[in-house]
Amino acid sequence: NAGVTQTPKFQVLKTGQSMTLQCAQDMNHEYMSWYRQDPGMGLRLIHYSVGAGITDQGEVPNGYNVSRSTTEDFPLRLLSAAPSQTSVYFCASSYSIAGLYGYTFGSGTRLTVV
Amino acid sequence: EDKVVQSPLSLVVHEGDTVTLNCSYEVTNFRSLLWYKQEKKAPTFLFMLTSSGIEKKSGRLSSILDKKELFSILNITATQTGDSAIYLCAGPRRDDKIIFGKGTRLHILP
């Protein structure tokens with residue numbers, strides 16, 4: 001049982017480059033979210049999805065796009081990377097209403113933008 | 001605005017000490033409060049609290065919720081160096097988005 005799989009684990013980008021962080025879960029979870037974690041800031045919600053075809057913005061959505069074409073996958077796109085996007089990114093999923101079931105987290109992607 | 005506030009932000013104690021971590025929240029349409037432990041990688045789930053006054057326990061860790069005061073504590077007794085981690089508190093908002101506090105960084109000295 002793979003759970004939540006994030007790729008890549010590490011990435012270095014140059015300012016202005018684009019890339020996609022991949023997230024896949026095999027638990028048939030409806031809810032999926034992307035968080036970024038910066039020192040002293042806790043986890044901040046970027047985007048989330050309550051099911052295939054439905055996405056919504058979180059606390060810090062600027063500079064990121066998401067789509068949810070299938071239940072399993074929830075990729076996060078950086079269209080034009082900026083140094084302010086240097087962070088650790090976590091994907092998380094939940095069976096249903098996230099507040100009742102908690103989250104399962106992926107292992108994270110450490111992104112550095114130079 | 002919904003928010004989750006944790007205190008202290010960092011804590012250093014000696015092995016064997018007991019620690020209490022605090023979490024206060026202002027979340028409309030409250031459903032639950034969640035505690036996570038984060039070591040080197042992803043947060044791992046500890047507790048989900050939905051009812052006031054009912055303590056949840058797992059070994060040396062316990063947690064309780066006070067819905068009237070909008071407050072939760074996480075206790076760790078007889079701390080060990082393996083308890084060193086960031087402890088995160090989280091609560092779902094009215095729109096089902098889960099928001100996290102900034103975390104308490106706990107360091108246990110041998």
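This is a predicted model, so every value here is computed, not measured. Keep in mind that the numbers below use all heavy atoms, side chains included, and drop hydrogens, waters and symmetry copies. Below, chains carry the letters A, B, ... as their sequence lines are ordered, and counting in each starts from 1.
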Report summary line: Bottom line for Gln6(B): the part with an atom under 4.5 Å from chain A's heavy atoms is neither
Query raised in the report: Among Gly103(B), Pro43(B), Gly91(B), who wins on heavy-atom pairs under 4.5 Å with chain A?
Result: Pro43(B)
**Report entry** Leu43(A) portion near chain B, given a 4.5 angstrom heavy-atom threshold
**Finding:** both
Query raised in the report: Should the heavy atoms of other residues, nucleotides or ligands under 6.0 Å from CZ of Arg105(B) be counted, would the total exceed 12?
Result: no
Query - Heavy-atom pair with the smallest gap, counting every atom of Arg68(A) and Phe74(A) - result: CD-CD1, 3.7 Å
Query raised in the report: When the ring planes of Phe100(B) and Phe105(A) are compared, do they come out parallel, tilted or perpendicular, using 30° and 60° as the limits?
Result: perpendicular
Requested in this report: Please report the closest heavy-atom contact between Lys37(B) and Gly82(B), naming both atoms and the distance.
Outcome: NZ-O, 3.1 Å
Requested in this report: Give, as side chain, backbone, both or neither, the part of Gln6(A) having an atom under 4.5 angstrom from any heavy atom of chain B.
Outcome: neither
**Report entry** Portion of Leu9(B) that has a non-hydrogen atom of chain A nearer than 4.5 angstrom
**Finding:** neither
Query raised in the report: Using a distance-only test with no angle check, is there a side-chain donor-acceptor pair under 3.5 angstrom linking Thr79(B) and Asp17(B)?
Result: no
